[in-house]
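In what follows, a single structure is set out as structure tokens and then discussed.
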Number of protein chains: 2
Amino acid sequence: MEFKEAKNKFVQTWGALGSQWGINKTMAQIHALLMVSHEAVSMEDIMEELQISRGNASMNLRALMDWGIVYKEYKAGERREFFTAEKDLDELAVKISRERSKREIKPALKVLKEVSSIQSDNTEAEKHFVDQTTKLYDFVLKADNVLDKITEYKDNWLAKLVVKIMK
Amino acid sequence: MEFKEAKNKFVQTWGALGSQWGINKTMAQIHALLMVSHEAVSMEDIMEELQISRGNASMNLRALMDWGIVYKEYKAGERREFFTAEKDLDELAVKISRERSKREIKPALKVLKEVSSIQSDNTEAEKHFVDQTTKLYDFVLKADNVLDKITEYKDNWLAKLVVKIMK
DNA sequence: ATAAACTTTCATTTTTTTTTGAAACTTTAA
DNA sequence: TTAAAGTTTCAAAAAAAAATGAAAGTTTAT
């Protein structure tokens, strides 16, 4: 396999993986492309490589920047904007984890708390509902906290976790 | 909030959360419904509660059973099939984690290994590509292994992890 | 063996999500 | 200023994903 082929395969695979985890394909592909690019890439070049429209590129770059995992770069004497991805994988994972927690887990926890708080001195069905949603609330909260704690180590958290787990 | 309202809110929220994580809405909703149901539920009742077609119910129940998180149940003297969800949350998380690893992470690792193995005594761009994909391979492999190790504790793994992390 | 009761399948339709592209907007240089 | 070079926005189109429903398939009881 030669470089161009390998790069393309990587971008396609990352895109597919993204879809399966609820991230749109193009967004994941742009991210993949930037991750393996040595230098910052212009929007024009992203459009060209991925064969996508200007609007698509612009919107997904914006989204990636909102996630905090892609940065704008300005080159001296260049009018155009260039883009780079966060390349440190520990940092990348921390940012994704934080964002998903903030955008998805926290709101879900709020709902879980609400629905598990209904009055239910009534039927078996109601008792079971309250019991199960309470357990779910506790579980998700605990998992969310553990993730937060783990990623707090910041530098090299995954390696540190490995050590903690194994011993 | 009364029971019916709370139950509906939970089902809708779980469905939306599923979508954001790459699981189709109905599949997540059926799962939610079964999780908080005291007794096994018939397909008819699922269709009724979620206002979905027979085909949709059938296909998503099949998918949930393939994931190993929903079970068929037979009631004595009843022709119809009934369904229940895995209600132990530790077990549920282990199963989802195992399946996603098998279906998505392992194939991705295979591709990462392939593309990071190209020959590249060439340009800076190629060197960076190989370097970054190698790092990514190592990271994903390590993360996959850690998850596997954590869930190996089986019983109460999350609580045990909390203890390990905090001390 | 038959038919009633129920489930599965899959071509078609519907819905949802993503993408496009052109107009509006912004920035920079002359 | 002004116009060139670039970026963003968003209504409309396209593509992808999910849902429908009726026919085919199963199972069970008689």
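These figures come from a predicted structure and were not determined experimentally. In the text below, chain A, chain B and the rest are named by the order of the sequence lines, each starting its count at 1.
Between Ser42(A) and Arg80(A), the shortest heavy-atom distance links the atoms OG-NH1, 3.6 Å.
Protein atom CD of Gln51(A) is 15 Å distant from nucleotide atom C1' of dG21(C), rounded to whole Å.
Of the options Arg98(A), Lys106(A), Lys149(A), Lys102(A), a salt bridge (charged side-chain N to carboxylate O under 4.0 Å, His left out) to Asp144(A) is made by Lys106(A) and by none of the others. With Asp90(A) as reference, Leu158(A) is the one residue of Asp155(A), Thr151(A), Leu158(A) to meet the side-chain contact (heavy atoms from CB on, under 4.5 Å) rule.
A heavy atom lying under 4.0 Å from DNA chain D marks the following residues of residues 54-69 of chain A, by number: Arg54(A), Gly55(A), Ser58(A), Met59(A), Arg62(A). Contacts between residues 71-80 of chain B and DNA chain C, counted as heavy-atom distances below 4.0 Å, involve Lys72(B), Arg79(B), Arg80(B). Within residues 13-45 of chain A, the residues that have a heavy atom under 4.0 Å from DNA chain D are, in order of number, Met43(A).
A donor atom on one side chain and an acceptor atom on the other are found under 3.5 Å apart for Glu104(A) and Trp21(B).
Residue Glu5(A) qualifies as enclosed at atom CD: its count of foreign heavy atoms under 6.0 Å is above 12. Shown here is Lys135(A), whose NZ atom has no more than 12 heavy atoms of other residues, nucleotides or ligands within 6.0 Å. Within a 6.0 Å radius of NZ in Lys75(A), other residues, nucleotides and ligands contribute more than 12 heavy atoms.
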Using a 3.5 Å cut-off and no angle test, enumerate the donor-acceptor pairs between side-chain atoms of residues 22-40 of chain A and protein atoms at least two apart in sequence or in another chain.
residue, atom, partner, partner atom, Å
Asn24(A), OD1, Thr26(A), N, 2.9
Asn24(A), OD1, Met27(A), N, 3.1
Asn24(A), ND2, Asn60(A), OD1, 3.1
Gln29(A), NE2, Gln12(A), OE1, 3.3
Ser37(A), OG, Leu33(A), O, 2.6

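Put simply, chain B comes within 4.0 Å of DNA chain D, heavy atom to any atom, from dA18(D) to dT28(D), going 5' to 3'.
Figure legend: Arg100(A) and Trp67(A) shown without cation-pi pairing, the cationic atom not lying both under 6.0 angstrom from the six-membered ring centre and within 45 degrees of its axis.
Axis angle across the helix from dA1(C)-dT30(D) to dA30(C)-dT1(D), with five pairs used at each end and values rounded to 10°: 20°.
Checking side-chain atoms of Thr13(A) against main-chain N and O of Lys9(A) turns up a donor-acceptor pair under 3.5 Å. Checking side-chain atoms of Asn156(B) against main-chain N and O of Ala159(B) turns up no donor-acceptor pair under 3.5 Å. Without hydrogens or angle criteria, Lys164(A) side chain to Ile165(B) main chain gives a donor-acceptor distance under 3.5 Å. At distances below 3.5 Å, at least one donor-acceptor pair connects side-chain atoms of Thr133(B) with backbone N or O atoms of Phe129(B).
Aromatic ring centres of Tyr74(B) and Phe82(B) lie farther apart than the 6.0 Å criterion allows. Annotation: Tyr71(A) is not in aromatic contact with Phe83(A) [ring centroid separation under 6.0 Å not met].
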